Amino acid sequence: MIYLYTFLYLLALIFYFPVFLIRVRWVKREKLELKPRLTLTLPPSADGRVCLWLHAVSVGEVFSLQRLVRQLRQRHPSWRIVVTSLTPSGVRLAREKLSQMAEVAIIPVDLPWCLERFWRRLRPALLGLVESEFWPNLLWLARKKSFPVVVINGRISEKSFSRMRKLRSFFLRFLDPVALFLMQSEKDRQKLIDLGVNHEKIMVIGNIKSDVSLPEWPEAEKACWRDRLGLEAETRLVVAGSTHPGEEVIFFKALAAVRAFNPKLKLIIAPRHPERAEEVASLGANFAIVCERWSSYRHESETAAPTCKAWEVLIVDTLGDLPLFYSLADLTFVGGSLVARGGHNLLEPAFYGKPILVGPYMDNFAALNDIFLQRGAALEIRDEAELVEAWKRIDAPEFLEMGKRAKEILRSLQGATQKTIEVLESFVGEMEGKAEIRP
């Protein structure tokens with residue numbers, strides 16, 4: 001079975017390469033970095049230190065690792081911690097956020113000869129896979145080389161579960177090398193059991209994203225930022241984070257409708273992929289809405305006397321700045337949820353005690369979303385009309401209470417990072433013990 005998968009995967013790589021080239025090099029204008037993907041360049045050789053290999057596929061997973069990696073580095077300064085990612089944006093973010101605490105590398109393509117070359121350079125005591133990053137040859141390598149695999153912050157979306165259930169025997173076989181699944185919720189645990197995974201290999205410890213630690217700004221500094229952004233005292237600010245195609249047009253329509261009721265309302269849109277900023281700005285122009293790009297505005301804002309521009313929509317075309325805007329918001333929206341993309345992290349606006357709007361497609365955060373909705377800490381809106389009604393009520397006391405409840409719920413959910421660290425330490429300790437008694 002693994003040989004058939006490898007053959008089909010290799011064929012897919014060959015046919016997909018032109019698409020990858022166009023998307024990454026010409027559309028996103030990012031480096032292909034083919035050499036590390038094909039292991040033509042490799043990380044430094046193993047040096048005898050304990051090596052912990054953590055793999056996070058993209059931006060959201062990399063963000064979730066920050067606190068975990070920081071605490072592991074503090075507790076085990078002698079360990080070699082290597083974080084790999086797959087997507088260009090994930091690798092870029094890992095280099096920005098984690099390079100002071102860990103080595104950052106691009107994971108090779110899922111071909112056995114590439115992965116084995118990569119493994120020889122690391123010789124990890126443990127591989128931690130974040131969320132649902134299951135690659136057959138990677139797991140096959142773990143079995144062949146006898147190093148344990150732990151799934152960190154595991155989750156299985158309904159879409160993935162449906163696919164895995166249809167090919168149950170195949171998925172069950174290649175998931176067998178996983179020593180332990182640390183799952184986000186009881187629902188995720190039950191899905192694994194339904195697939196045939198031994199219940200003794202599954203622990204529910206919560207979501208490490210709940211242990212979010214974000215920058216905080218004093219009220220005076222936030223007031224300064226509002227002034228720099230040209231926001232008057234009566235201006236109300238809506239922040240839509242991690243949006244996807246199909247959502248921005250709904251926001252622009254809603255803003256055009258709300259202007260008649262509240263001309264002081266302004267909108268900040270942070271596309272999930274910042275390179276879409278120009279596309280989003282073009283949409284705004286279709287509605288005669290004045291848009292401004294954050295990257296150029298930020299540059300001017302850092303001067304001694306920034307110019308306050310008369311924007312209606314500010315488009316965030318950078319990575320890492322969304323927390324600032326959440327902290328300034330009066331109302332927030334979690335992107336990827338008005339279209340079928342599974343939604344994004346609603347814990348960041350909760351960290352700042354902000355009222356949260358979500359769409360009906362929150363599969364990626366289903367367990368958390370249910371908690372927030374059931375406890376009145378978030379509001380689901382399904383279309384443009386409901387979005388308009390929510391924006392009209394932006395000053396309603398219910399939204400202020402919603403933000404307070406969101407922050408309280410976030411605090412109650414924390415602790416998964418510490419439990420994850422304890423599990424990782426126990427596995428590494430076992431591997432060190434085996435190494436000591438090996439003849």
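Residue indices begin at 1 and follow the sequence shown. Owing to the predicted nature of the structure, the values given are computational and were not obtained by experimental measurement.
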Could you verify whether a donor N or O on one side chain and an acceptor N or O on the other, from [X] and [Y], lie under 3.5 Å apart?
X	Y	result
Tyr5	Asp110	yes
Asn345	Ser242	no
Asn207	Ser210	no
Glu248	Thr243	yes

Ring centres of [X] and [Y] under 6.0 Å apart?
X	Y	answer
Phe351	Tyr326	no
Phe118	Trp53	yes
Tyr3	Phe7	no
Trp294	Phe325	yes

Between the side chain of [X] and the main-chain N/O of [Y], is any donor-acceptor distance below 3.5 Å?
X	Y	answer
Lys191	Phe161	no
His55	Thr84	yes
Ser337	Gly359	yes
Lys266	Arg236	no
Asn153	Ile208	yes
Asp330	Leu237	yes
Arg37	Val109	no
Glu61	Ser58	yes
Arg405	Gly376	yes

State, to 0.1 Å, how close [X] and [Y] come at their nearest heavy-atom pair, and which atoms those are.
X	Y	answer
Val358	Phe333	C-CE1, 4.1 Å
Val62	Ala56	N-CB, 3.8 Å
Val339	Pro245	CG1-O, 3.8 Å
Ile156	Leu192	CD1-CD2, 3.4 Å
Gly415	Asp211	N-OD1, 2.7 Å
Ile106	Pro36	CD1-CG, 3.8 Å

Could you walk me through whether Trp79 and Val428 pass side-chain contact (heavy atoms from CB on, under 4.5 Å), step by step?
CA-CA 10 Å; Trp79 284 11; Val428 171; 3.6 Å; yes
Qualifying residue, where the test is salt bridge (Lys or Arg N to Asp or Glu O under 4.0 Å) with Glu116 and the options are Arg121, Lys145, Arg123
Lys145
Going by an N to O cut-off under 4.0 Å, is there a salt bridge joining [X] and [Y]?
X	Y	result
Arg375	Glu408	no
Asp370	Lys187	yes
Asp176	Arg143	yes
Lys209	Glu348	no
Glu247	Arg341	no
Glu422	Lys419	no
Arg95	Glu33	yes
Arg163	Glu158	no
Arg293	Asp317	yes

Where do Glu425 and His76 land on the side-chain hydrogen bond (donor to acceptor under 3.5 Å, both in side chains) test, with the steps shown first?
CA-CA 9 Å; Glu425 289 173 334; His76 303 283; 2.6 Å; yes
Any side-chain heavy-atom pair from Val83 and Ser85 closer than 4.5 angstrom?
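No, every pair of side-chain atoms sits at 4.5 Å or beyond.
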Would a 4.5 Å heavy-atom cut-off, applied to side chains only, mark Leu139 and Asn137 as touching?
no
Enter the distance from [X]:[atom1] to [Y]:[atom2] here, rounded to the nearest 0.5 Å.
X	Y	atom1	atom2	value
Leu34	Leu40	CG	CG	8.5 Å
Arg73	Leu68	CZ	CG	11.5 Å
Leu86	Ile107	CG	CD1	7.5 Å
Tyr361	Glu380	OH	CD	10.0 Å
Thr420	Leu182	OG1	CG	5.5 Å
Lys253	Leu283	NZ	CG	10.0 Å

Would you say that more than 12 heavy atoms from the other residues, nucleotides or ligands in this model lie under 6.0 Å from the CZ of Phe399, or not?
yes
Using the side chain to side chain contact (heavy atoms under 4.5 Å, CB included) definition, which of the options Leu214, Val316, Val239 pairs with Leu322?
Val239
Please lay out, stage by stage, how Arg155 and Ser157 fare under the test side-chain contact (heavy atoms from CB on, under 4.5 Å).
CA-CA 7 Å; Arg155 67 175 181 86; Ser157 68; 4.0 Å; yes
Please determine whether side-chain contact (heavy atoms from CB on, under 4.5 Å) holds for the pair Leu357 and Trp391, giving the CA-CA distance in whole Å, both sets of side-chain angles, and the decisive distance to 0.1 Å.
CA-CA 10 Å; Leu357 304 180; Trp391 287 4; 4.2 Å; yes
Which word best sums up how the rings of Phe134 and Phe181 line up, parallel for under 30°, tilted for 30 to 60°, or perpendicular for over 60°?
perpendicular
